[in-house]
Visitor: 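Structure provided below as structure tokens; questions to follow.
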2 protein chains.
Amino acid sequence: MTDVPDAARTLVDPMPTAAADLLDEARETGAVVALFGRCTVDYDGRASGHLGPGDRHVLCKPDGTLLVHDPEGHQPEAWHAAGAEREATVDGTDTLVLRSERDDGTLVVRFEALAHVAAHTVESTGETEVTGTEEDLRQRVLDDPSLVEAGFRPLAVERETDAGPVDVYGEDAEGRTVAVELKRRRVGPDAAGQLERYVDALERDLHADAEVRGILVAPSVTDRCRQTLAAAGLEFVSLTP
Amino acid sequence: MTDVPDAARTLVDPMPTAAADLLDEARETGAVVALFGRCTVDYDGRASGHLGPGDRHVLCKPDGTLLVHDPEGHQPEAWHAAGAEREATVDGTDTLVLRSERDDGTLVVRFEALAHVAAHTVESTGETEVTGTEEDLRQRVLDDPSLVEAGFRPLAVERETDAGPVDVYGEDAEGRTVAVELKRRRVGPDAAGQLERYVDALERDLHADAEVRGILVAPSVTDRCRQTLAAAGLEFVSLTP
DNA sequence: GAGTTGATCTCGGGA
DNA sequence: TCCCGAGGTCAACTC
């Protein structure tokens, strides 16, 4: 044991007390801790759930995030989001208990068996950069409004209405108000409903007699979406990000 | 080295080749592998992104799932969902490269430095059980339809319409068609729009003159949701799961 | 703090 | 296979 904690520490088949110590130490140092072992999980909060005994991977982040992963799937089987308070104790002599408390609930992981515990302090986080998002699509439309239609003139982005913010708000070549809803992926009826709400709200806002066009811009739409658009008098323009 | 792979193996400050071997072995045995190290990530697919050098935790599951976690937040910074093909190679002498291929894109993780690699074979997955979901709320309504209103009679669940499936479809005390949309949480305008689409579709489906009531059942609604409901002639019933 | 929407959303169920 | 909506969604941004 040294006063200066190691940047990385690993325990194999640890005693629960040793694992608890490592978790306590990690809380001081801001380390990320990964545990492998056989455990049960109980959650109570916005919903409640129980996971029977199984081999799982548990990841504890210094911001309070706790993720319980089983061997399949992208989604954690159980979790607590950032802001949770974590506490590691030993129940009896051989059970490590991880208790995570949040305003909206409690998560408890009980390890019947522990195979690995690894802690790793993080010195720096790299920069992250993503392209191909909806905002990129919007920028493309603003740079070249004719992608929507010839003569389209954008006047505002995220223009507020009583039904929420319109992605791109503008006028067509004949001066009619146009609401554009952008989607980077093929969309279903929900996108048509979203646009419909904006158009209805704008028509109520502006004048009772105002004609407002609604244009859904997306790579493609489902049949039902097309139906919904048609029923609401809305238009579709295909644009692939 | 034995012919029978260990159920659990850990490497500390491993050579990249040793880590690659462990990843290859894990592919055979169906083990979950967790890596700690300094890495960069490049993703190209539905979008594209780059993560600069940083200390991260990488989790590889036998179903192809790959998750790259930084020290904050619930969401992985980068990922590949199940079904991806993974390959571990060594670039030069000191860089472990994890390459994950999917139909819709490629994810590459390059480790400049590796602190831990741990593999753990999974013998069994515990049962999982959740309560407090929307389906539980629906069952409650079916068991006691008066929670919606006195005289309400459910006739179908997930009743199909041209706009999608209605949560609970039924009749009120006076024989009018009722579409019920259930939400387990406080809801915004999107839920009102969803219900509106169903009601509109039902009115088109049944008769031009048919009156169809739409009732949103949720713990509470936002102001805008209430406005949208009112504008569409829809109703709200408060019910807490 | 609440409201609104996006997400490389993922996931499960049904046609 | 695609479509559709739920999710203990989470996360970002605005008011």
Side-chain angles (χ1 to χ4, degrees), chain A residues 41 43-49 65 67-68 72-83 102-107 130-138 158 160-167 181-191 193-194 197-198 220-225 228 241, chain B residues 41 43-49 65-68 72-84 102 104-107 130-138 158 160-161 163-167 181-191 193-194 197-198 220-225 228 241:
Chain A
V41 181
Y43 159 74
D44 194 67
R46 294 202 286 252
S48 63
T65 301
L67 305 170
V68 180
E72 289 184 355
H74 170 101
Q75 299 282 109
E77 250 189 319
W79 71 92
H80 252 186
R102 275 176 57 94
D103 293 342
D104 61 357
T106 304
L107 179 70
V130 181
T131 61
T133 178
E134 182 180 304
E135 193 173 339
D136 294 319
L137 182 58
R138 183 173 73 192
E158 302 293 333
E160 280 297 334
T161 74
D162 281 349
V166 177
D167 277 347
E181 175 62 31
L182 298 170
K183 295 293 177 193
R184 60 178 305 285
R185 297 188 62 173
R186 176 174 174 85
V187 291
D190 55 332
Q194 192 179 351
R197 287 182 348 249
Y198 298 154
S220 59
V221 297
T222 66
D223 282 348
R224 269 187 180 160
C225 177
T228 307
Chain B
V41 180
Y43 159 73
D44 194 67
R46 296 202 286 251
S48 62
T65 301
L66 193 157
L67 304 171
V68 180
E72 288 184 356
H74 171 104
Q75 300 280 105
E77 248 188 321
W79 72 91
H80 252 184
R102 277 177 56 93
D104 60 358
T106 304
L107 178 70
V130 182
T131 61
T133 178
E134 182 180 303
E135 193 173 339
D136 295 319
L137 182 58
R138 184 172 75 192
E158 301 293 333
E160 280 297 334
T161 73
V166 177
D167 277 346
E181 175 61 31
L182 298 169
K183 295 294 177 191
R184 58 179 303 284
R185 299 184 60 172
R186 177 175 174 85
V187 291
D190 55 332
Q194 194 181 347
R197 293 192 329 260
Y198 298 154
S220 58
V221 296
T222 65
D223 282 348
R224 267 186 183 162
C225 177
T228 308

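For clarity, every value in this text was computed on a predicted model and none was experimentally measured. Order of the sequence lines sets the chain letters (A, B, ...), proteins ahead of strands, with each chain counted from 1.
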Visitor: So what does B/Q194 touch, heavy atoms closer than 4.0 Å: a base, only the sugar-phosphate, or nothing?
Guide: sugar-phosphate
Visitor: Quote, to the nearest angstrom, the P distance that separates C/dT4 from D/dG8.
Guide: 22 Å
Visitor: How do B/G49 and A/A163 order along DNA chain C: which one's closest nucleotide is nearer the 5' end?
Guide: A/A163
Visitor: For A/E158, give me all partners under side-chain contact (heavy atoms from CB on, under 4.5 Å), at least two apart in sequence or on another chain.
Guide: A/R138, A/P165, A/D167
Visitor: Under 4.0 Å, counting only non-hydrogen atoms across every strand here, what does B/S48 touch: a base, just sugar-phosphate, or nothing?
Guide: nothing
Visitor: Would you say a side-chain N or O of B/Y198 is under 4.0 Å from OP1 or OP2 of D/dG5?
Guide: yes
Visitor: Just call it for B/R186: base, sugar-phosphate, or nothing, with non-hydrogen atoms closer than 4.0 Å on any strand.
Guide: sugar-phosphate
Visitor: Which residues pass the side-chain hydrogen bond (donor to acceptor under 3.5 Å, both in side chains) test with A/E135, sequence neighbours left out?
Guide: none
Visitor: So does B/R224 get a side-chain nitrogen or oxygen closer than 4.0 Å to the phosphate oxygens (OP1/OP2) of C/dT5?
Guide: no
Visitor: Roughly how many Å is it from NZ in B/K183 to P in D/dG7, rounded to a whole number?
Guide: 8 Å
Visitor: Report yes if a side-chain nitrogen or oxygen of A/R197 is closer than 4.0 Å to either non-bridging phosphate oxygen (OP1 or OP2) of C/dT5; otherwise report no.
Guide: yes
Visitor: How far does the P atom of C/dT8 sit from the matching atom of D/dC4, given to the nearest Å?
Guide: 22 Å
Visitor: For atom C1', what is the distance between D/dC10 and D/dA6, given to the nearest Å?
Guide: 14 Å
Visitor: So which protein nitrogen or oxygen atoms get under 3.5 Å of nucleotides 11-15 of chain C's nitrogens or oxygens?
Guide:
| residue | atom | partner | partner atom | Å |
| --- | --- | --- | --- | --- |
| C/dC11 | OP1 | A/H74 | N | 2.5 |
| C/dC11 | OP1 | A/Q75 | N | 3.4 |

Visitor: Is the phosphate of D/dG7, meaning OP1 or OP2, less than 4.0 Å from a side-chain N or O of B/T133?
Guide: yes
Visitor: Please identify each residue that fulfils side-chain hydrogen bond (donor to acceptor under 3.5 Å, both in side chains) with A/E72, with sequence neighbours left out.
Guide: none
Visitor: NA contact type, B/E181, heavy-atom cut-off 4.0 Å: base, sugar-phosphate, or nothing?
Guide: sugar-phosphate
Visitor: The criterion is side-chain hydrogen bond (donor to acceptor under 3.5 Å, both in side chains); which residues satisfy it with A/T133, sequence neighbours excluded?
Guide: none
Visitor: So, using side-chain hydrogen bond (donor to acceptor under 3.5 Å, both in side chains) as the criterion, who are the partners of A/D104 when residues are at least two apart?
Guide: A/R46, A/R102
